[in-house]
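Everything on this sheet refers to the single structure shown next.
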Amino acid sequence: MSKPLSRRDLTRLAPLEHRFYQRDTVDVAVSLLGKLILRELPEGLIAVRLTEVEAYLGVVDRACHTFGGRRTPRTEVMWGDAGRLYVYFTYGMHHCANVVTRAAGVPEAVLLRGALPVLGREVVVARRGGRDGRTLLDGPGKLCQGLGLDRADNGADLTSASGVWLADDGARVPDAWVRRGPRVGVASAGEAAAWPLRFQVELDSMTAVAE
DNA sequence: GACCAGATGTACT
DNA sequence: GTACATCTGGTCT
């Protein structure tokens with residue numbers, strides 16, 4: 001890619017707009033690859049580039065929390081407007097973050113699964129307990145831990161540049177770099193388990209664009 | 001690479 | 001009350 005982005009460059013980027021999230025969930029998932037997550041923390045601004053996501057298709061998707069129209073306090077954010085963050089707690093110790101898509105009343109989302117640090121790597125490493133390397137942010141629980149996301153961020157508005165938001169710095173991920181496959185951890189979801197809704201950028205390609 | 005323990009919120013009976 | 005979860009890290013092979 002071009003020269004490394006400075007903190008100043010990053011704070012000038014406009015957040016992705018509301019209409020970005022209102023599209024088809026699979027389209028949103030694919031176009032999120034290569035986008036930046038910006039995160040304000042007491043330690044400073046952090047930026048990471050998304051490398052892996054999964055689409056969750058709402059009421060018809062057995063793997064989705066809102067399958068069959070489930071609407072509970074936990075899933076309430078998914079039923080709301082697009083462009084918000086849905087964070088939930090799982091396995092007794094991990095958080096997972098999703099971005100809500102489509103229109104209010106259509107509870108679909110994209111799970112953020114993996115990323116590479118662009119700014120504030122040392123902060124991320126510290127929050128990850130000193131672990132570094134290629135596995136730094138290669139899972140949804142790790143991503144939340146590294147970015148300091150938890151249930152306090154559930155419902156956060158991603159279209160305003162405060163707390164946490166997403167932005168496009170112009171980096172493009174060619175289709176040839178994207179691997180498509182079945183989602184992780186949804187084996188018991190019947191036929192939905194096989195749907196190819198996981199999208200992952202080949203890491204070797206991505207490192208070229210990550211810096 | 002495969003296997004497994006770990007810890008607790010959430011959904012449903 | 002109970003089963004299980006959009007997972008991770010450590011251990012063993």
Side-chain angles (χ1 to χ4, degrees), chain A residues 21 24-30 32-33 35 37 48 50-80 82-102 106-117 124-156 158 164 166 178-204:
Chain A
Y21 301 99
D24 175 81
T25 302
V26 171
D27 290 346
V28 175
V30 172
L32 277 173
L33 294 174
K35 296 293 187 290
I37 308 176
V48 302
L50 276 167
T51 58
E52 187 180 349
V53 297
E54 285 178 357
Y56 284 86
L57 304 184
V59 298
V60 299
D61 181 356
R62 193 173 289 277
C64 185
H65 288 168
T66 56
F67 173 71
R70 247 176 314 188
R71 184 165 188 166
T72 66
R74 182 177 64 150
T75 64
E76 192 55 34
V77 172
M78 282 190 70
W79 287 89
R84 293 195 174 263
L85 197 65
Y86 169 46
V87 184
Y88 64 88
F89 184 70
T90 189
Y91 288 102
M93 61 191 96
H94 303 296
H95 295 276
C96 292
N98 303 248
V99 301
V100 177
T101 59
R102 303 287 303 268
V106 184
E108 303 187 10
V110 176
L111 172 65
L112 309 177
R113 286 195 60 89
L116 293 172
V124 176
V125 170
R127 286 193 173 252
R128 289 275 298 120
R131 299 177 189 83
D132 199 351
R134 293 203 138 195
T135 60
L136 182 62
L137 294 173
D138 68 345
K142 297 178 183 182
L143 192 59
C144 284
Q145 187 183 30
L147 295 184
L149 294 170
D150 60 30
R151 272 169 302 175
D153 301 292
N154 188 38
L158 298 171
V164 55
L166 277 73
V178 179
R179 208 163 34 194
R180 229 181 213 258
R183 292 168 295 181
V184 175
V186 299
S188 59
E191 65 170 30
W195 294 351
L197 296 179
R198 180 188 189 194
F199 305 94
Q200 184 175 29
V201 182
E202 308 270 354
L203 255 195
D204 291 329

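The structure displayed is predicted, hence computed values, not measured ones. Values below: all heavy atoms of this structure, side chains included; hydrogens, waters and symmetry mates excluded.
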(message) Using the side-chain heavy atoms of A:Phe89, tell me which of these nucleotides is nearest: B:dT8, C:dG9, B:dA11.
(response) B:dT8

(request) Among B:dC12, C:dT6, C:dT8, find the nucleotide with the atom closest to the side chain of A:Arg70. (result) B:dC12

(request) Look at the side chain of A:Tyr88 and the base of C:dT6, then say whether one donor and one acceptor between them are separated by less than 3.5 Å. (result) yes

(message) Applying the Watson-Crick and G-U wobble criteria at under 3.5 Å, what pairs with C:dT6? Answer none if nothing qualifies.
(response) none

(message) Please report whether the ring centroid of A:His65 lies less than 6.0 Å from that of A:Tyr88.
(response) yes

(request) Measure from the side chain of A:Lys142, starting at C-beta and using heavy atoms only, and say which of B:dT10, C:dT6, C:dG9 lies closest. (result) C:dG9

(message) Salt bridge check, A:Arg134 against A:Asp138: does any charged N sit closer than 4.0 Å to a carboxylate O?
(response) no

(message) Donor-acceptor check, side chain of A:Trp79 to backbone of A:Arg70, threshold 3.5 angstrom: yes or no?
(response) yes

(request) Verify the contact: side-chain N or O of A:Arg113 to OP1 or OP2 of C:dT6, cut-off strictly under 4.0 Å; return yes or no. (result) no

(request) Quickly work out the A:Leu136 CG to C:dT8 P distance and round it to whole Å. (result) 12 Å

(message) Let me spell it out: for each of A:His94 and A:Arg151, pick the nucleotide of DNA chain B with the closest heavy atom. Which residue's pick is nearer the 5' end?
(response) A:His94

(message) Using whole Å, what does the distance between atom C1' of nucleotide B:dA7 and atom NE2 of A:His95 come to?
(response) 12 Å

(message) Closest approach to the side chain of A:Thr90, judged atom by atom: which nucleotide of C:dG9, C:dC7, B:dG9 is it?
(response) C:dC7

(request) Round to the nearest Å and state the distance from A:Met93 atom CE to C:dG10 atom C1'. (result) 13 Å

(message) Nearest to the side chain of A:Thr75, heavy atoms from C-beta on, is which of B:dA11, C:dG9, C:dC7?
(response) B:dA11

(message) Pairing check on B:dG1: which nucleotide meets the Watson-Crick or G-U wobble criteria with it, both distances under 3.5 Å?
(response) C:dC12

(request) Answer yes or no: is there an ion pair linking A:Glu54 with A:Arg113, defined by an N-O contact shorter than 4.0 Å? (result) yes

(message) In whole Å, I'd like the distance from the CZ atom of A:Arg183 to the C1' atom of C:dC7.
(response) 16 Å

(request) Please determine if A:Arg183 and A:Asp61 form a salt bridge, counting it only when a charged side-chain N lies under 4.0 Å from a carboxylate O. (result) yes

(request) Among C:dT8, C:dT6, B:dT10, find the nucleotide with the atom closest to the side chain of A:Val186. (result) C:dT6

(request) Answer with base, sugar-phosphate or nothing: what part of the nucleic acid does A:Arg74 contact at a heavy-atom distance below 4.0 Å? (result) sugar-phosphate

(message) Rounded to whole Å, how long is the line connecting atom NE2 of A:His65 with atom C1' of B:dC12?
(response) 15 Å

(message) Just the rounded figure in Å: distance from C1' of B:dA11 to OH of A:Tyr91.
(response) 15 Å

(request) Check the distance between B:dT10's C1' and A:Arg71's CZ and give it to me in whole angstrom. (result) 17 Å

(request) For A:Leu143 and C:dT8, give me the distance from atom CG to atom P, rounded to whole Å. (result) 10 Å

